[in-house]
Amino acid sequence: MAGIALSTPAAMRRSSSSPALRMPGPGGRMARMARLDADPERHNDPLYRRRHSLAHVLAQAVLELRPGSKLGFGPPVDTGFYYDFLFEAPLEERELAEIERRMRRILKRGVRFEREELTVADAVRRLDEIEQPFKVEYARDLESTLGVEQISFYRSGDFIDMCEGPHVESTREIPRDSFRLDSLAGAYWRGDERNPMMTRIYGLAFESKAALEEFVRKRELARERDHRKLGAELEIFAISDEIGRGLPLWLPNGTVLRDELEQLAREEEFRAGYQRVSTPHIAKADLYRTSGHLPYYTESMYPPMQLDDEEAYYLKPMNCPHHHTIFAARPRSYRELPLRLAEYGDVYRYEKSGQLAGLLRVRGMRMNDAHIYCTLEQAREEFAAVIDMHKKYYDMFRLTEFWMRLSLHSPDQEKFVTAEERWVFAEQLVREVLAQMQVPFEERVGEAAFYGPKVDYQVTNVVGREETASTGQLDFIASERFNLEYVARDGSRQRPWIIHRAPLGTHERFVSFLLEHFGGFFPTWLAPLQVVLIPVSMGERFVEYGRKLQRVLHDDLLRARFDDSPDSFGKKIRNAETHKVPNLFILGQKEIDSGAVTWRRHGQREHQPFLPFTAAHQALRTLRERRLMDNFEDVDVPAWSGGDA
RNA sequence: GCUGGUGUAGCUCAGCUGGUAGAGCAACGCACUCGUAAUGCGUAGGUCCGCGGUUCGACUCCGCGCACCAGCUCCA
């Protein structure tokens with residue numbers, strides 16, 4: 001069951017509705033993961049029935065081909081369906097074609113779906129007979145955990161499966177060309193890695209052949225925007241075996257993005273009363289014993305560096321212990337609070353190899369980190385300010401495809417510090433702040449940090465993978481562990497509350513989202529190359545003029561390049577366009593004659609104003625200084641829109 | 001980590017059943033001096049992911065590694 005959504009006005013919910021409904025476009029993993037069978041309304045959806053029935057047909061075809069295979073779960077998902085199997089011998093991808101053929105044959109036959117209900121005991125007996133141990137396990141589980149007494153089965157031809165339904169009446173209702181087997185994957189029985197790994201077959205299924213093809217086409221299109229593809233094409237980053245998996249190298253273009261984001265953060269944090277600090281990349285084991293990382297977080301840490309006669313050192317997986325140590329460096333007064341310490345800090349986490357993915361999941365990352373030390377009375381206001389900062393950035397970058405998750409602890413999971421009342425208190429505090437601010441969110445149990453509840457910004461990338469992009473956390477554990485205290489007005493010693501926050505997340509993840517969100521087309525202020533000056537020919541006077549203007553822009557710290565390659569004029573335009581440079585200045589005789597440029601914007605061939613170079617220069621400065629999002633069409637580019645065509 | 005797939009020039013890819021490799025783009029050179037998405041000609045570039053094995057002979061077959069891609073982290 002989905003978490004309870006609190007204080008979520010219907011109108012605002014749309015942008016942050018459940019993952020299943022939120023999928024922006026062509027779905028991948030998220031879409032697949034979002035099982036639809038939890039929502040009773042979906043059961044009336046004819047497409048839901050078809051997909052569900054196709055899962056059965058898939059199982060039937062598989063059993064024809066591989067008798068004795070064991071069945072797991074086989075639900076519909078919002079791009080089709082899947083079914084999990086345990087095979088005696090591994091299934092290879094090329095066998096999917098044969099399975100698909102058999103499925104079509106079954107559809108053609110017009111098999112009817114018939115429901116019957118059995119008592120749990122009878123159900124178990126039947127499942128034993130047909131040798132489906134996973135189903136037996138599940139049937140027993142339904143009885144013991146949910147108190148289910150009757151279990152329904154669906155029979156379609158000679159295939160029978162324990163199933164809640166509903167299904168189509170007859171397989172004839174399903175157009176034979178409206179589905180396709182998509183891929184093969186491993187999946188643990190009941191999603192638990194201690195269980196056997198089954199083989200999952202994914203199928204795509206839509207209303208019609210046309211809808212299926214449309215989906216496949218859109219998915220292809222989305223893959224064009226994959227940050228790994230764009231990152232290579234635009235020379236943003238590279239990952240090399242020589243350096244190590246999950247340890248990206250930032251190329252000059254990517255480093256511009258990082259520098260600009262850091263500049264943005266520095267300015268915003270300065271205005272918001274943060275102070276900057278810098279801390280080393282390694283620290284002694286004892287620090288992480290104090291912080292609680294060693295018991296709770298070791299799996300995600302690189303192994304220790306052991307020196308002779310000395311305590312082991314660890315690469316830091318988080319900046320917090322270092323910042324806490326700064327807080328503790330001298331006695332603190334309540335007058336200093338809230339104390340806000342910020343650092344774009346490099347951290348290293350040993351992610352499981354199978355989790356690594358481009359910039360999205362890495363092992364070395366740079367985080368827009370800060371810790372706010374405050375009194376309990378200040379905690380609400382500070383947390384609200386943190387959420388405000390998140391909102392400001394998301395509005396600014398026009399990131400609308402996200403949902404906010406209030407991540408709570410789970411009393412029965414070991415990874416959470418035991419302190420039930422304080423968890424409840426902290427969670428309620430955060431919940432109230434969010435409610436007060438009228439931001440829509442959904443609660444998820446078991447997603448908290450080990451030291452406190454979080455507000456996570458969940459973003460889905462182009463291939464449908466969901467990750468946390470930003471986070472704000474309330475920590476009620478660390479100040480005790482680190483023995484942090486301040487002297488209150490009455491002279492007593494008090495523990496500060498701590499807020500952890502990373503509204504711009506990590507460069508790695510944030511840039512990957514921006515790349516995909518913008519399709520590689522960055523606003524002028526962020527763009528690695530802000531303007532390319534292109535002469536109509538390499539005649540001496542054009543070259544001279546172009547170099548002169550380039551120097552003026554460059555001296556003004558604008559990232560301008562004069563294209564003096566031997567390429568043709570058309571080729572230069574093309575090169576600049578494929579590199580998604582936001583601004584091109586075209587220079588020819590008439591521009592020289594009046595000290596002007598013809599300004600072509602990325603992808604804009606129609607309207608190209610002719611204006612004095614000084615005006616164009618000034619406009620670039622404005623774009624930069626105001627950080628205008630001129631990669632969006634509705635944003636007016638100064639001096640451009642009004643100019644001559 | 002686990003399951004399945006993939007690995008050929010900087011990039012995208014071709015290479016039939018074993019006889020040691022090609023194309024386009026990019027790079028470089030020469031010519032061209034051009035008004036809005038690819039000027040022409042030429043040159044160079046490969047440990048066919050790595051290491052072992054089978055074979056007269058391995059990019060091709062087998063084994064073991066490595067990397068990348070997709071998926072798995074609770075309901076028929």
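Chain naming here is simple, since letters A, B, ... match the order of the sequence lines and numbering starts at 1 in each. Every heavy atom of this structure was used, including side-chain atoms; hydrogens, water molecules and symmetry mates were not.
Listed by residue number, the members of residues 55-66 of chain A with any heavy atom below 4.0 angstrom from RNA chain B form an empty set. Residues from residues 574-586 of chain A placing a heavy atom under 4.0 Å of any atom in RNA chain B, listed by number, are A:Arg574, A:Glu577, A:Thr578, A:Ile586.
You'll find that the side chain of A:Arg228 is closest to B:C69, out of B:A67, B:G35, B:C69. Taking only side-chain atoms of A:Leu184, from C-beta outward, the nucleotide of B:C72, B:G4, B:U36 with the closest atom is B:G4. Side-chain proximity of A:Met538 to B:U36, B:U33, B:G35: nearest is B:U33. Closest contact between the side chain of A:Ser537 and the listed nucleotides B:C34, B:G1, B:C2 involves B:C34. Here B:A38 is the nucleotide among B:C72, B:A67, B:A38 with the atom lying nearest to any side-chain atom of A:Lys571.
At the heavy-atom level, A:Asp192 lies nowhere under 4.0 Å from the strands shown. At the heavy-atom level, A:Gly186 lies under 4.0 Å from base atoms of the strands shown. Across all strands shown, A:Leu142 has heavy atoms under 4.0 Å from base atoms, whether or not it also approaches the sugar-phosphate. Using a 4.0 Å heavy-atom cutoff across all strands shown, A:Gly588 reaches at least one base atom of the nucleic acid. If you check every strand for non-hydrogen atoms under 4.0 Å, A:Lys590 touches a base. A:Glu540 comes within 4.0 angstrom of nothing in the nucleic acid, heavy atoms only.
To the nearest whole angstrom, the two P atoms, one in B:U20 and one in B:A58, are 11 Å apart. Comparing the P positions of B:U6 and B:C16 gives an interatomic distance of 15 Å, to the nearest angstrom. Remark: the separation of the P atoms in B:C62 and B:U73 is 32 Å, to the nearest Å. Nucleotides B:C2 and B:C64 have their P atoms positioned 13 Å apart, rounded to a whole Å. Look at the P atom in both B:A70 and B:G65: the space between them is 23 Å, to the nearest Å. Nucleotides B:C49 and B:C59 are separated by 10 Å at their P atoms, to the nearest Å. Going from the C1' atom of B:C48 to that of B:A67 covers 16 Å, rounded to whole Å. Taking the C1' atoms as reference points, B:G45 lies 13 Å from B:G22, given to the whole Å.
Taking atom CG of A:Asp182 as the reference point, atom C1' of B:G4 lies 13 Å away to the nearest angstrom. One atom, CZ of A:Phe85, and another, P of B:G4, lie 16 Å apart when rounded to the nearest Å. If you measure from atom CZ of A:Arg361 to atom P of B:G71, you get 13 Å, rounded to the nearest angstrom. The interatomic distance linking A:Ile239 (CD1) with B:C68 (P) rounds to 7 Å, in whole Å. Atom CG of A:Asp564 is separated from atom P of B:C32 by 18 Å (rounded to the nearest Å). Going from atom CG of A:Asp567 over to atom C1' of B:U36 covers 14 Å, rounded to whole Å. Going from atom CZ of A:Arg223 over to atom P of B:U12 covers 15 Å, rounded to whole Å. What separates OH of A:Tyr188 from P of B:G1 is a distance of 10 Å, to the nearest Å.
The pair A:Glu544-A:Arg541 fails the salt-bridge criterion, with no side-chain N (NZ, NE, NH1 or NH2) lying under 4.0 Å from an Asp/Glu carboxylate O. A salt bridge between A:Lys352 and A:Glu193 is present, with a side-chain N of the basic residue lying under 4.0 Å from a carboxylate O of the acidic one. Between A:Arg444 and A:Asp456 there is no salt bridge, since none of the side-chain N atoms of the basic residue sits less than 4.0 Å from a carboxylate O of the acidic one. Salt bridge present: A:Glu220 and A:Arg223 bring a charged side-chain N and a carboxylate O closer than 4.0 Å.
Nucleotide B:G52 forms a Watson-Crick or G-U wobble pair with B:C62, both donor-acceptor distances falling under 3.5 Å. Base pairing of B:G57 is not made with any nucleotide, judged by Watson-Crick or G-U wobble geometry with both donor-acceptor distances under 3.5 Å. In this structure, B:G45 makes no Watson-Crick or G-U wobble pair, since no nucleotide meets both defining distances under 3.5 angstrom. Look at B:U39: its Watson-Crick or wobble partner, with both distances under 3.5 angstrom, is B:A31. Searching all strands for a Watson-Crick or G-U wobble partner of B:C13 with both distances below 3.5 Å returns B:G22. Nucleotide B:G71 has B:C2 as its partner under the Watson-Crick or G-U criteria, with both atom distances under 3.5 Å.
At most 12 heavy atoms of other shown residues, nucleotides or ligands fall within 6.0 angstrom of atom CZ in A:Arg140.
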Handout entry: Verdict with reasoning, A:Phe585 to A:Trp599, per side chain to side chain contact (heavy atoms under 4.5 Å, CB included)
Key = CA-CA 5 Å; A:Phe585 288 173; A:Trp599 189 348; 3.6 Å; yes
Practice task
Given salt bridge (charged side-chain N to carboxylate O under 4.0 Å, His left out), test A:Arg125 with A:Asp128 step by step and report yes or no.
Solution key: CA-CA 5 Å; A:Arg125 203 167 305 128; A:Asp128 263 334; over 6 Å; no
Practice task
Could you walk me through whether A:Glu95 and A:Arg66 pass the salt bridge (charged side-chain N to carboxylate O under 4.0 Å, His left out) test, one step at a time?
Solution key: CA-CA 11 Å; A:Glu95 294 176 75; A:Arg66 300 281 197 104; 3.0 Å; yes
Practice task
Quick one: do A:Gln132 and A:Lys70 satisfy side chain to side chain contact (heavy atoms under 4.5 Å, CB included)? Show the steps, please.
Solution key: CA-CA 6 Å; A:Gln132 290 299 348; A:Lys70 307 305 175 205; 3.9 Å; yes
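A cation-pi contact links A:Arg51 to A:Phe206, judged by a cut-off of 6.0 Å to the six-membered ring centre and 45° from its axis. Within the cation-pi definition used here (under 6.0 Å to the ring centroid, within 45° of the axis), A:Arg363 does not qualify as a partner of A:Tyr348. The cationic group of A:Arg547 does not satisfy the cation-pi geometry with A:Phe562, failing either the under 6.0 Å distance to the six-membered ring centre or the 45° limit from the ring axis.
With A:Arg601 contributing its side chain and A:Asp630 its backbone, the two residues share a donor-acceptor pair below 3.5 Å. A:Arg349 contributes no side-chain N or O that, together with a main-chain N or O of A:Met301, makes up a donor-acceptor pair within less than 3.5 Å.
In this structure, A:Tyr83 and A:Gly244 both approach RNA chain B, and ranking their closest nucleotides by distance from the 5' end singles out A:Gly244. Checking A:Leu91 against A:Ala357, the closest nucleotide of RNA chain B that is more toward the 5' end is the one next to A:Leu91.
An OP1 or OP2 oxygen of B:A67 is reached within less than 4.0 angstrom by a side-chain nitrogen or oxygen of A:Arg245. Side-chain nitrogen and oxygen atoms of A:Arg465 include at least one within less than 4.0 Å of the OP1 or OP2 phosphate oxygen of B:G71. Look at A:Tyr82 and you won't find any side-chain N or O under 4.0 angstrom from OP1 or OP2 of B:G71. In terms of phosphate contacts, A:Ser568 brings no side-chain nitrogen or oxygen within less than 4.0 Å of OP1 or OP2 of B:C34. Between A:Arg200 and B:G4 there is no side-chain polar atom (N or O) within less than 4.0 angstrom of OP1 or OP2.
At a cut-off of 3.5 angstrom, counting only N and O atoms as typed in the model, there is a donor on one side and an acceptor on the other between the side-chain of A:Glu591 and the base of B:G35. One cannot find a donor-acceptor pair under 3.5 Å joining the base of B:U36 and the side-chain atoms of A:Arg605.
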